[in-house]
Structure formats: structure tokens, C-alpha cells
Amino acid sequence: CNQSAAPLLLPRLAASGSCNGHYFLAIHPIHPPFLPPVPGRRHHHKTPLPGARGRALVPAARPQLRIHSAPAPARGEGPRNRPGTDQMGGGSGGRGKGMPRAMAPVEEVDVAAVRYKPAELQAPHLTGFPLRAFVWLLESPLLGPLVTSILKKQNNMTQMLQHTVIPERPMFYPEYPPQEPERGVVTLGDDRDPVDRVEEALSCLAPYDPSGRFTSADEKNPFLYWKIRDFAYAYRSGITTPSAVAELVIAGVEEWNNKKPPMPMLIFFKADDLRKQADASTKRFEKGSPISVLDGIFFAVKDDIDCLPYPSKSATTFFDEIRPVEKDAVAVSRLRKCGVIFIGKANMHELGLGVTGNNPNYGTVRNPHSVDRYTGGSSSGPAALVSSGLCSGAIGTDGGGSVRIPSSLCGIVGLKTTFGRTDMTGVVCDAGTVEVASPLTSSVEDSVLLYSALAGSRPMD
């Protein structure tokens with residue numbers, strides 16, 4: 001749910017645990033800012049600390065849920081209700097007619113005594129043409145507001161918002177308590193250049209040994225499942241060039257697209273643009289001046305992340321018409337600075353609203369290891385491209401498992417980064433503290449290098 005819809009669809013939740021009966025743990029949904037706090041009651045909203053920003057290769061500050069210290073009710077003691085309050089915002093214990101319903105402060109909630117009662121909603125169940133007609137009706141400037149008002153009134157939504165008082169202030173961002181530096185942890189500063197961060201991350205890895213991959217300078221090894229440092233060594237040693245690899249990538253994409261059944265891993269792909277990027281990288285290696293260890297490495301971008309010269313449709317047929325792409329997303333621009341080559345925009349579950357990768361608009365991406373099975377979603381295309389060996393890594397987005405699920409099903413490494421570690425500017429679905437831009441790679445080593453380039457929060461986080 002987004003921030004505006006959460007109070008309409010979810011009751012106020014609280015869950016508690018105890019350590020010797022003295023601590024309660026509260027989990028809140030997002031409440032609308034216009035609900036007034038109750039005078040005289042303390043608020044638990046805190047401003048996130050300045051040091052709580054994504055700067056560490058291994059997170060130096062872990063986001064934590066708020067723990068409110070309060071004496072637990074004695075065993076057998078019932079919840080401490082106040083007149084006009086209830087445990088979960090329901091009921092009307094002692095509430096007079098016309099008196100607003102006041103939810104109990106979290107420290108006074110005894111979760112063991114609370115039973116969740118789902119509300120009965122009255123909403124039409126429509127599919128096919130009736131659904132299209134209903135959507136047209138809702139979007140009508142004259143009838144839409146009337147229909148919406150009727151549905152809200154039938155489900156008591158307006159009354160619930162107008163006549164409910166929540167004692168705590170809303171907390172839209174997680175709180176980061178101060179933490180002492182950990183031994184063996186390298187902190188990568190937000191204000192540093194991505195190339196410098198990658199080089200420092202590279203120094204944290206074990207020394208590279210080419211003997212496991214290359215036996216002689218003349219041997220023509222297939223590039224399938226090469227790691228980032230394998231490519232970097234091959235480029236510097238003259239074994240191959242980014243331009244040569246680009247031709248293999250183009251042939252691989254065409255082969256997968258022509259399979260029966262087809263494998264539409266990419267929604268947008270331009271062979272000429274790929275050759276142009278690879279040629280620029282090859283010239284840098286010929287001059288002996290590669291930008292970084294990521295120079296000439298092939299990556300894919302999920303279709304909900306802006307990457308010129310392609311549109312961002314989120315695997316729909318229309319989204320680019322209402323949201324044109326004007327420049328690269330911050331995550332993409334950071335990788336470009338490191339010399340990365342982008343092969344195109346990867347397929348995904350439409351609008352990211354699913355975990356299978358099924359897409360009726362551009363075709364469903366199949367699992368490269370078993371074409372009769374799903375890749376998982378919503379980052380289906382990125383996972384399939386990395387799993388098939390067509391690229392070393394990809395950038396996906398993860399809110400409820402959209403990177404982790406396909407990575408698991410395709411046998412690769414997917415990392416959901418901590419909120420605030422990566423900049424979400426230029427991402428279609430910027431879902432508050434839920435959605436993050438994250439790397440998908442074929443190995444943990446490559447994930448370290450890709451993550452170090454992506455890392456860096458935005459001021460608003």
C-alpha cells in the first residue's frame with residue numbers, strides 16, 4: 001500500500017514481545033499527517049539522525065524498529081483502556097455520542113488480548129468489459145467523484161478518518177540509532193566518486209588468480225559465467241575486447257528471442273547503441289586507460305529504471321506516454337561513470353505487481369535453467385539475463401521480494417539494499433521506504449563491486 005492508501009485499507013497494527021516483561025515492540029502502518037495528536041500525550045516521532053545514511057559497504061548503521069520501554073501489564077491483568085479508547089482502534093468503550101474514537105498509546109496495548117477482526121468491505125467484483133467500463137466511470141470528471149464518494153461512504157472510510165484520533169505522530173522513515181564502527185568494515189562515503197568506491201571495494205577482495213579461468217593467453221574461453229574480474233583481466237591481457245564480447249551478446253539475445261518458445265528477456269534492445277558503447281570502451285583499453293574494473297562490463301537495467309536512450313514503461317504499453325525519460329536514473333549514471341556497458345531495458349512483471357514475471361504485453365520471461373518454469377518476479381528479465389550468462393549483472397528494484405525471488409529461482413545473487421543506501425531518483429516506482437534499487441549478479445564478489453558503485457543516499461533519505 002502507498003502512504004495515502006494505507007490508512008484506508010489497514011487497521012492500526014501493534015505487535016509486542018517482552019524481555020523480562022519490560023519492553024514492547026510496536027509496528028505502525030503509515031498514518032495520514034492531518035490526524036491530530038492527542039494533547040498531553042507524549043509522541044514517539046523522532047527525526048532520523050544525520051549519520052543514518054547509506055554509506056557502508058557492509059552497513060554501518062542498521063535500521064531498527066522502535067522499542068518503547070514501558071512496564072508490562074501484570075500476568076492476568078487486562079488491557080489498560082481509557083474512557084473513549086480501544087485497543088486497536090475498534091469498539092467504543094466509554095465513548096459518548098459524537099466523541100471521536102481515540103486509539104490507545106502503543107505502550108498501553110496488550111497484544112495478547114487483541115483479536116483482529118477484518119472489516120467487511122463492499123466493493124464490486126468485476127472482470128473483463130465490466131471492469132473496463134467501471135474504470136472509465138471512475139475516470140469520468142463528472143461521475144467519478146460521485147462513485148468514489150459512494151464507495152467510501154458505504155465502507156465507512158470517511159467517518160473512520162474524520163472521527164479517529166491517533167496519539168502518535170506518523171513516522172515515515174526508519175530511525176537509525178548511532179553505532180560504533182565495526183572492525184573489518186570499510187565505509188564508503190556518499191560524497192565520493194563511484195570509481196573511487198569501486199576501487200576501495202576491489203581492495204577488500206582476495207587477490208585475483210587467473211589460473212582458474214585462463215590457462216594461456218591464446219586460449220579462446222567462452223565468456224559464459226565469467227565474473228567481473230575475469231572480464232577485466234581478459235581485456236587488459238588482450239584475450240578479448242568489449243567489442244568482441246558485444247557481438248556475442250547481440251548473437252545471444254537474438255538466439256534467445258528466436259527460440260521456441262521465445263525468451264523475451266529484453267523489452268528494449270538496440271544493437272547499434274550496444275556496439276557504440278563497446279567501441280568506446282575498447283578504445284580506452286587500447287590506450288591503456290580503462291576507467292575502472294567495471295569498464296567494459298555488460299549490465300542490464302530493469303524497465304522501471306530510467307536509462308537513455310530507452311523509455312521506461314514498467315513493462316506496460318503506455319507508461320512512457322505519461323512519464324517521459326529525460327535523463328539517466330542516478331543508479332545508472334553512477335555505473336556509466338565507471339565505464340559500464342548497458343545492453344538494454346529488461347523485461348519485468350507489469351508495473352512490478354507480481355512475483356512470477358508473467359507479462360501479457362511483451363511475453364513472459366522463462367527460467368534459463370528450465371524453460372517450463374517461471375523466473376520469479378518482478379525483476380524477471382534482469383534475473384534471466386544474468387542467469388543465462390548474457391551479462392555479469394543487472395539493476396533491479398525490490399519492494400516485497402522483486403529482486404530476491406527471481407534471484408533465488410534462477411540461481412544467482414540478489415541483494416535488497418537497506419533503505420537509504422541507494423538513490424532512487426529516476427526510478428518509476430519510488431515507493432517510500434519500501435522500494436530500493438538493488439544489484440543482481442552471478443556471484444557475491446560481483447555483488448560487492450556493483451553495490452559499491454550504486455551506493456549513496458539522496459539528501460531526502
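Every value quoted in this text rests on a predicted model; they were computed, and no experiment measured them.
A donor-acceptor pair under 3.5 Å is formed between the side chain of T356 and the backbone N or O of N358. For the pair D196 (side chain) and R192 (backbone), a donor-acceptor distance under 3.5 Å is absent. Proximity of a side-chain donor or acceptor of R334 to a complementary backbone N or O of P194 within less than 3.5 Å is not detected. Under a 3.5 Å cut-off, the side chain of S314 and the backbone N or O of T316 do not form any donor-acceptor pair. Distance alone, capped at 3.5 Å, places no donor-acceptor pair between the T418 side chain and the R421 backbone. Of the possible polar contacts, one joining the D328 side chain to the L308 backbone as a donor-acceptor pair under 3.5 Å is found. Without hydrogens or angle criteria, K345 side chain to I305 main chain gives a donor-acceptor distance under 3.5 Å. Judged by distance alone, the side chain of S438 and the main-chain N or O of T417 form a donor-acceptor pair under 3.5 Å. A distance-only check finds a donor-acceptor pair linking the side chain of D398 to the backbone of R404 [under 3.5 Å]. A donor-acceptor pair is defined here as one N or O able to donate and one able to accept, closer than 3.5 Å; no such pair exists between the side chain of D446 and the backbone of S442.
Between R336 and Q277 there is a side-chain heavy-atom pair separated by less than 4.5 Å. In this structure, E286 and T282 have side chains that are in contact, with non-hydrogen atoms separated by less than 4.5 Å. Here the side chains of L202 and L449 are in contact, with some heavy-atom distance below 4.5 Å. Counting heavy atoms from C-beta on, the side chains of Y310 and D273 come closer than 4.5 Å. Proximity of D320 to S312: side-chain heavy atoms (C-beta onward) are nowhere separated by under 4.5 Å. Side-chain contact between T441 and Y451: absent, with no pair of heavy atoms (C-beta onward) separated by less than 4.5 Å. Residues V332 and D306 form no side-chain contact, since every pair of their non-hydrogen atoms from C-beta on lies 4.5 Å or further apart. Between L409 and R373, every side-chain heavy-atom pair lies at or beyond the 4.5 Å cut-off.
The pair K276-D272 does not count as a salt bridge, with every side-chain nitrogen at least 4.0 angstrom from each carboxylate oxygen. Between K227 and D230 there is no salt bridge, since none of the side-chain N atoms of the basic residue sits less than 4.0 Å from a carboxylate O of the acidic one.
Within 6.0 Å of CZ on R236 lie more than 12 heavy atoms contributed by other residues, nucleotides or ligands. Around CZ of R323, the count of heavy atoms belonging to other residues, nucleotides or ligands within 6.0 Å exceeds 12. For F129, the CZ atom is loosely surrounded, since the number of other residues' heavy atoms within 6.0 Å does not exceed 12.
Screening residues 376-396 for side chain to side chain donor-acceptor pair (under 3.5 Å) gives K302-S378, K302-S379, H369-S387, S378-S402 as the qualifying pairs, with residues at least two apart or on separate chains.
For the atom pair I297 CD1 and C391 SG, the distance stands at 11.0 Å (nearest 0.5 Å). Between the CG atom of L188 and the CD atom of E199 there is a distance of 12.0 Å, given to the nearest 0.5 Å. Taking CD from E445 and CD1 from I228, the interatomic distance works out to 8.0 Å, rounded to the nearest 0.5 Å.
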*Kindly determine whether L205 and R229 satisfy side chain to side chain contact (heavy atoms under 4.5 Å, CB included), including the steps that lead there.*
CA-CA 11 Å; L205 301 177; R229 291 200 289 177; 4.0 Å; yes

*asked:* For a side chain to side chain contact (heavy atoms under 4.5 Å, CB included) check, start with the C-alpha distance between T375 and R366, then their side-chain angles and the critical distance, and finish with the verdict.
replied: CA-CA 6 Å; T375 58; R366 296 170 179 266; 5.6 Å; no

*Carefully, step by step, assess V198 and L294 under the rule side chain to side chain contact (heavy atoms under 4.5 Å, CB included).*
CA-CA 8 Å; V198 170; L294 296 181; 4.0 Å; yes

_Determine whether V436 and K416 satisfy the following criterion, side chain to side chain contact (heavy atoms under 4.5 Å, CB included), listing intermediate values before the conclusion._
CA-CA 7 Å; V436 295; K416 180 178 183 180; 3.6 Å; yes

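Counting all heavy atoms, side chain and backbone alike, Y362 lies closest to T317 at OH-CA, 4.0 Å. When every heavy atom of F299 is checked against every heavy atom of A394, the shortest pair comes out as CD2-N, 3.7 Å. Heavy atoms only, all atoms of each residue included: P439 and V403 are closest at O-CG1, 4.0 Å.
Judged by distance alone, the side chains of D423 and T425 do bring a donor and an acceptor atom under 3.5 Å apart.
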